[in-house]
*Asks:* 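Attaching a single structure in C-alpha cells format; questions to follow.
Order of the sequence lines fixes the chain letters, A, B, ..., with proteins taken first and strands second; residue numbering starts at 1 for each chain.
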Protein chains: 2
Amino acid sequence: MALNSTAYVILGLLDGSQRTGYEIKQIVDRSTRFFWTASYGQIYPELGRLEAAGLVEGTERSQGERKRKEYRLTPAGRQELQAWLRLAPEVLETRDEALLKLFFAGSLPDAAPKALEHKRRLHAEKLARLREIEPAVAEHATPYQYATLRFGIALSEFCVRWCEEALEELPGDGEPSNRTKRRTA
Amino acid sequence: MALNSTAYVILGLLDGSQRTGYEIKQIVDRSTRFFWTASYGQIYPELGRLEAAGLVEGTERSQGERKRKEYRLTPAGRQELQAWLRLAPEVLETRDEALLKLFFAGSLPDAAPKALEHKRRLHAEKLARLREIEPAVAEHATPYQYATLRFGIALSEFCVRWCEEALEELPGDGEPSNRTKRRTA
DNA sequence: GACTTCATGTAATAAGTTACATGATTCA
DNA sequence: TGAATCATGTAACTTATTACATGAAGTC
C-alpha cells in the first residue's frame, strides 16, 4: 500500500481509541514528538487519504455548531498497522545543530565551549520535559510506551553528562581568554 | 542573510580548503552525515547560490576534458560562517523508526522484542561505521571533529547497551512463545 | 575492455513547516 | 468579556530525496 510514516503514527494512535485529528496532534506532541513528529499540515490530509483508502473511518460527532470528526481504525487499517510492525525498522536519523557547530568550532575561537554548553542546555531542557510527563505515562500508557519514554530520559541524561565531561576535558577550560587551538588544514 | 543549514555545512567544509561539490559530498558522507546530512540535490544548487551571494568563489580546474570546479571561502563567507557559529544552536531532532514501533508494540504480539533487536542492530551497525573511520579522524581532523566522533561512538554504545538491557527486562524474554501483554485502551 | 571512481548537474517527487482563515466552546 | 482551548482545514513555501543524464579518467 506504500503509506508514509505519518500514516503509521495515525493508525497506531487510533488502535483501540477513536480520536479527532486535533487529539492525534496533541498526543503526538506529548509523546512520539521526541522521536517522531507530525504537524497539522500532515495529519489532516493524511486522515483524508487513509479514509479514502478504507483504513480509517470517520464519524461526525459535531456537538451543536462545533464540528468534530472522530476517526477509528477499520479491520483493514489494523492489518496495515500490523504489517508495518512486522517489517524491520530502517530510519534512524539525527539533526544536531550543536554538534555541527562543535564540528566546525575550529573556525572561531571559543566556539567549542559555547557549543557544548548549548548542547548541554538543549538536552537538559528535553530531559525536563520528559520527566514532566513521566508520571502520567507510567500510569496511563502501555508498558511499551513507558519504555520509549524511559529510553528518552536515559538518553538525555547520558547526553547531559557527556557534555559536562567534554567541557571539563576541553583544554583551556574555565579561564575564558585562553584559546589556543586553531586550524588551517 | 538567512542561509539554510546546508549552506553552513558547505561554508564550514570550505574554511581552510578548496573543494569541489563532489568532495564536499564525500566528506559529509564520512563525517557530518551521522548528525547532519546533505545530498547532491542540495549541495550543487547551494554552491551556485553561495557563489551568487559572494560567500564562496569557484575556480575552473578542469584537467583536459574533465570538468572540475573548486570552491573556496571568500572573506564574506568566512564572516557568515563565524556569525552562524556565534548563534545558539536550536535544532535537535531525531527520527527513530524502531522506537516508533516499540511505542506501538501493544498492537502486535512479539513486536516489542523484535523492535528492540532491530534497534540494537541499527545502533551496532552505526557504531561499527564510526569505529571504522576513527583512526583517520583521530589523525587528520581537528580535535573538535574528533570530539563529535567520540560523542557518536559513546552514544551508539549507550544505545546498544540500553537495548540489550531492555530485552532482558522484557517479561517473557528468551522463551519465544511466551507473549502475554496486549492492550486495548 | 569493463568496472569503478571522479565530477556536475537537473527534474520530479516527497516530506514537512508555517502561517493563515475560521469559528465554537469553556473558563476565569 | 476576554483569553485559552477545541477543532478543521488549506496554501505557500522550504527542504530533502531519488533518479536520471552525461561523460572523462583511472584501475584491474
*Asks:* Rounded to the nearest Å, what distance is computed from the CD atom of residue B/E46 to the P atom of nucleotide C/dT8?
*Replies:*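 For the pair B/E46 CD and C/dT8 P, the rounded distance is 16 Å.
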*Asks:* Take the C1' atoms of the five end pairs on each side of the helix from C/dG1-D/dC28 to C/dA28-D/dT1, get both axes, and report the angle to 10 degrees.
*Replies:*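 That helix has its two terminal axes inclined by roughly 40°.
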*Asks:* Between atom CZ in B/R68 and atom C1' in C/dG9, what is the gap in whole Å?
*Replies:*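 One finds 16 Å between C1' of C/dG9 and CZ of B/R68, rounded.
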*Asks:* Using 4.0 Å as the upper bound for N to carboxylate O, is an ion pair formed by A/E93 and B/R95?
*Replies:*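 A salt bridge is absent here (no side-chain N lies under 4.0 Å from a carboxylate O).
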*Asks:* Base contacts versus sugar-phosphate-only contacts with protein, heavy atoms under 4.0 Å: please encode nucleotides 15-28 of chain C as B, S and - from 5' to 3'.
*Replies:* SSBB-----SS---
*Asks:* What's the CD-C1' distance between A/E23 and D/dT5, to the nearest Å?
*Replies:*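 Going from A/E23 (CD) to D/dT5 (C1'), I get 13 Å.
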*Asks:* Ignoring hydrogens and geometry, is there a side-chain-to-backbone donor-acceptor pair from A/K114 to A/A105 under 3.5 Å?
*Replies:*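 The answer is no, because no donor-acceptor pair under 3.5 Å joins these two groups.
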*Asks:* Quick one: A/I27 CD1 to D/dC6 P, roughly how many Å, whole number?
*Replies:*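 About 12 Å, once rounded to whole Å.
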*Asks:* For the atom pair NZ (B/K119) and CH2 (B/W162), what is the distance rounded to the nearest 0.5 Å?
*Replies:*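 Reported value, rounded in 0.5 Å steps: 7.0 Å.
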*Asks:* Is the shortest distance from a Lys or Arg side-chain nitrogen in B/E70 or B/R19 to a carboxylate oxygen in the other one below 4.0 Å?
*Replies:*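 Judged by the 4.0 Å cut-off on N to carboxylate O distance, B/E70 and B/R19 do not form a salt bridge.
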*Asks:* Taking side-chain hydrogen bond (donor to acceptor under 3.5 Å, both in side chains) as the test, write out the residues that go with B/E51, two or more places apart.
*Replies:*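 B/K69.
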*Asks:* As an exercise, state the distance from CG of A/L99 to CG of B/L155, rounded to the nearest 0.5 Å.
*Replies:*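 Separation between the atoms: 9.0 Å.
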*Asks:* Quick one: is D/dT8 close enough that its OP1 or OP2 comes under 4.0 Å of any side-chain N or O from A/Y44?
*Replies:*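 Affirmative; the distance criterion is met.
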*Asks:* Atom CD of B/Q18 to atom C1' of C/dA7: distance rounded to whole Å?
*Replies:*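 Rounded to whole Å, this separation is 17 Å.
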*Asks:* Drop me the distance from A/R30's CZ to A/K25's NZ, to the nearest 0.5 angstrom.
*Replies:*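 Interatomic distance, A/R30 CZ to A/K25 NZ, rounded to 0.5 Å: 11.0 Å.
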*Asks:* Check the distance between D/dA7's P and A/R19's CZ and give it to me in whole angstrom.
*Replies:*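 Interatomic distance, CZ of A/R19 to P of D/dA7: 13 Å.
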*Asks:* How close or far is atom P of C/dT10 from atom CD1 of B/I43, stated in whole angstroms?
*Replies:*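 Distance check: B/I43 CD1 to C/dT10 P gives 14 Å.
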*Asks:* Over how many whole Å does the gap from A/R30 atom CZ to D/dC6 atom C1' extend?
*Replies:*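 So the CZ-C1' distance, A/R30 to D/dC6, works out to 12 Å.
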*Asks:* Roughly how far apart are A/Q42 CD and A/S5 OG, rounded to 0.5 Å?
*Replies:*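 Those atoms lie 7.0 Å apart.
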*Asks:* Any side-chain N or O of A/Y22 below 4.0 angstrom from OP1/OP2 of D/dC6?
*Replies:*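 True: A/Y22 side-chain N/O within range (under 4.0 Å) of D/dC6 OP1/OP2.
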*Asks:* Tell me, please, whether B/Y146 has B/R150 positioned over its six-membered ring: NZ or CZ under 6.0 Å from the ring centre and within 45 degrees of its axis?
*Replies:*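 Yes, cation above the ring, under 6.0 Å and within 45°.
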